[in-house]
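Take a look at the structure below.
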Amino acid sequence: QVQLVESGGGLVQPGGSLRLSCAASGAISIYTMGWYRQAPGQQRELVAQITRVNSIEYTDSVRGRFTISRDNTKNTVSLQMNSLKPEDTAVYYCNAGLGIKNYWGQGTQVTVSS
């Protein structure tokens, strides 16, 4: 069974930075790892994802500001978030996928406010 644990969320002022990390454990081989977010009253959306062969996808609203990376030997994925905006405020969830199977972390709150 795959388990995902996120860390790094918190409160930051507009223009600031945060780095989210996610550690995966379990017996199942993971192909895709990524970050999703869900703001109040909105659906969960993809922020960024990365495959084991380093194919990367970002949503347009974070492109150029966020950077996703992973360490396959450690089974971790990170999201460096720069130039944060109030619109980035959400609960961020780590995701791991293999085929039709998806696994989720518990979520970490990111709040961007003055």
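Quick note: numbers below take in every heavy atom, side chains included, and nothing from hydrogens, waters or symmetry partners.
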Mind checking whether [X] and [Y] have side chains closer than 4.5 Å, heavy atoms only?
X	Y	result
Y93	Q38	yes
S78	R19	yes
R52	R70	yes
N82	F66	no

#### Entry: Under 3.5 Å side-chain donor-acceptor pair for Y36 and R44
no
### Pair Q106-E6, side-chain donor/acceptor within less than 3.5 Å
yes
### Basic-acidic side-chain contact under 4.0 Å: R63, D60
yes
Please find the pair of heavy atoms, one from [X] and one from [Y], that lie closest to each other, and give the distance.
X	Y	result
V47	V62	O-CG2, 3.7 Å
R65	L84	NH1-CA, 3.9 Å
V110	G9	CG2-CA, 4.2 Å
Q109	A90	NE2-O, 3.4 Å
C94	V77	SG-CG1, 3.8 Å

### Task
Please test L46 against E57 for side-chain contact (heavy atoms from CB on, under 4.5 Å), starting from the C-alpha separation and ending with a verdict.
CA-CA 9 Å; L46 173 69; E57 178 180 331; 3.6 Å; yes
Could you measure the distance from the [atom1] atom of [X] to the [atom2] atom of [Y]? Nearest 0.5 Å is fine.
X	Y	atom1	atom2	answer
M81	S17	CE	OG	8.5 Å
T76	D71	OG1	CG	4.5 Å
I56	S69	CD1	OG	8.0 Å
I30	Y103	CD1	OH	6.0 Å
N95	C22	CG	SG	9.0 Å
Q13	T111	CD	OG1	13.0 Å

### Task
Report yes or no: does Y58 contribute a side-chain atom to a donor-acceptor pair with the main-chain N or O of I68 at less than 3.5 Å?
yes
### Query
Mind checking whether V5 and M33 sit in one hydrophobic cluster, side chains of I, L, V, M, F, W, Y counted as touching below 4.5 Å?
no
#### Entry: Within one Ile-Leu-Val-Met-Phe-Trp-Tyr cluster: L18 and L79, side-chain cutoff 4.5 Å
yes
### Query
Given Y31 and V53, is the side-chain contact (heavy atoms from CB on, under 4.5 Å) satisfied, shown in steps?
CA-CA 9 Å; Y31 186 74; V53 295; 3.7 Å; yes
### Query
Could you walk me through whether T108 and L20 pass the side-chain contact (heavy atoms from CB on, under 4.5 Å) check?
CA-CA 9 Å; T108 184; L20 305 182; 4.1 Å; yes
### Task
Step by step, work out the side-chain contact (heavy atoms from CB on, under 4.5 Å) result for T89 and S113.
CA-CA 8 Å; T89 296; S113 176; 5.9 Å; no
